[in-house]
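Single-structure report; data block below.
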Number of protein chains: 2
Amino acid sequence: MAKEMTTTAEDSAVTNPPNPLGDLRMTKQRKVVYDVLMDEQRDHPTASEVFIRAKERMPSISLATVYNCLETLTHVGAVKQVNVDREASRFCPNLQPHAHFFCSECQEVFDIDLKKQAEATTPWQLPSGAEVDHLDVTMRGKCPTCSEENSKAAL
Amino acid sequence: MAKEMTTTAEDSAVTNPPNPLGDLRMTKQRKVVYDVLMDEQRDHPTASEVFIRAKERMPSISLATVYNCLETLTHVGAVKQVNVDREASRFCPNLQPHAHFFCSECQEVFDIDLKKQAEATTPWQLPSGAEVDHLDVTMRGKCPTCSEENSKAAL
DNA sequence: ATCCTTTTTTAGAATAGTTCTTGATCTAAA
DNA sequence: TTTAGATCAAGAACTATTCTAAAAAAGGAT
């Protein structure tokens, strides 16, 4: 079937830069959405915010597509979906294991790196036999900046 | 107007069992909702599930009221609202600091006690100046039971 | 290139969970 | 008993998200 010189998926995996999407296509839309997360403010935008930013680069893109792309990117592990309470999901391209700090003052989300052997030092004890696939650590409070501004204002 | 023997809010605070609602009224509806969480399966029901159970005790109660009551109870700290991803919020009356384990197989939520000096042993490091009001630890995976049943099934 | 098949995109409808609105009801105090 | 405020009930409204169906795009095979 395949001609001798035909490139296969395996070939391109070797010759091309690794596709963060795996076997799925890196379409224009997916690239735009991914780039918005990678290039811009790295501020954990919601889907709607990604949509607004993506439109600047590709005015024809639709909200449904942004949702699709974010879903795909999340699914293949290229970005992470961050949920704080029941607010709109936010997305970030930080693939390191990390926690999130949500400032209830400025409403921003900050990444908090998790130390290496996280499991070894957790302040909880899993029942034996439990298998953890995914750990989610979120804090709410005041970020250093807002915390400082508050104490200034009090003077 | 008031007769000498009239009880005031302050009086009853001393003579009556402490009202978990603080100054707010412990109405029939609030009591039913609270009791549903306290008495029944302690299985982290959603608002709709609480509604169904509450109706058994008070058929006239409305869903909106259940939401109101849950909100009030959460607000005064009598129950905790548990969010896993973007699924419907669940509610639990466990006031000890604890994490949640969500089994992706049986869809149940389990409480995982947090060790005492949680702060001392966290696998993360907060930026100096950050103030944490609330810590949220959620795990997803397979609970011991489902994990075991899977290995049985494989035989 | 052209056809064929599959994937992806688009726009809008639909959905789920939750919140809001309004008027009725209850409660506690005066 | 009256009154003011709190609470409740029913349903409408809202928001974030998912679904649907049809059009467009992307590859590969011919």
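- Regarding contacts with the backbone of C:dC26, every side-chain N or O of B:Gln29 stays at 4.0 angstrom or more from both OP1 and OP2.
- With D:dT7, C:dT18, C:dA11 as the choices, the nucleotide that has an atom nearest any side-chain atom of B:Arg30 turns out to be D:dT7.
- The listed nucleotides are D:dC19, C:dT9, D:dA9; the one nearest the side chain of A:Thr27 is C:dT9.
- No donor-acceptor contact under 3.5 angstrom links the side chains of A:His100 and A:Asp136, judged on distance only.
- Rounded to an integer number of Å, the gap from B:Phe51 CZ to D:dG11 P is 11 Å.
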Verdict with reasoning, A:Arg53 to A:Asp43, per salt bridge (Lys or Arg N to Asp or Glu O under 4.0 Å): CA-CA 12 Å; A:Arg53 295 179 195 174; A:Asp43 58 354; 2.9 Å; yes
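- Comparing A:Ser48 and A:Asn68, the nucleotide of DNA chain D nearest to each residue sits closer to the 5' end for A:Ser48.
- In this structure, the CG atom of B:Leu24 is 14 Å from the C1' atom of C:dT27, given to the nearest Å.
- Atom C1' of nucleotide C:dT8 and atom NZ of A:Lys28 are separated by 12 Å, given to the nearest angstrom.
- Around CD of B:Gln125, the count of heavy atoms belonging to other residues, nucleotides or ligands within 6.0 Å does not exceed 12.
- Between A:Ile61 atom CD1 and C:dT10 atom C1' the separation is 10 Å, expressed in whole Å.
- Relative to the side chain of B:Tyr67, the nucleotides D:dT18, C:dG17, C:dA11 differ in distance, and C:dG17 lies closest.
- Within 4.0 Å of B:Thr65, counting heavy atoms only, lies at least one base atom of the nucleic acid.
- Between A:Arg140 and A:Asp85 there is a salt bridge, since at least one side-chain N of the basic residue sits less than 4.0 Å from a carboxylate O of the acidic one.
- A donor-acceptor contact shorter than 3.5 Å links the side chain of A:Lys80 to the backbone of A:Gln96.
- Separating the CD atom of A:Glu71 from the P atom of D:dT17 is a distance of 12 Å, rounded to the nearest angstrom.
- Distance, A:Leu73 CG to C:dT8 C1': 13 Å, rounded to whole Å.
- Summarising the geometry, the separation between CG on A:Leu63 and P on D:dT18 is reported as 11 Å, rounded to the nearest angstrom.
- Here D:dA6 is the nucleotide among C:dT18, D:dT17, D:dA6 with the atom lying nearest to any side-chain atom of B:Arg25.
- Among the atoms of the strands shown, none is found under 4.0 Å from any heavy atom of A:Thr46.
- The pair A:Glu40-A:Arg57 meets the salt-bridge criterion, since a charged nitrogen lies less than 4.0 angstrom from a carboxylate oxygen.
- More than 12 heavy atoms of other shown residues, nucleotides or ligands fall within 6.0 angstrom of atom NZ in A:Lys55.
- Rounded to whole Å, atom P of C:dT27 lies 14 Å from atom CE of B:Met26.
- Distances from the side chain of B:Ala64 to the nucleotides D:dA26, D:dC19, D:dA10 place D:dA10 closest.
- A heavy atom closer than 4.0 Å to some atom of DNA chain D occurs in A:Ala88, A:Ser89, these being the qualifying members of residues 79-90 of chain A.
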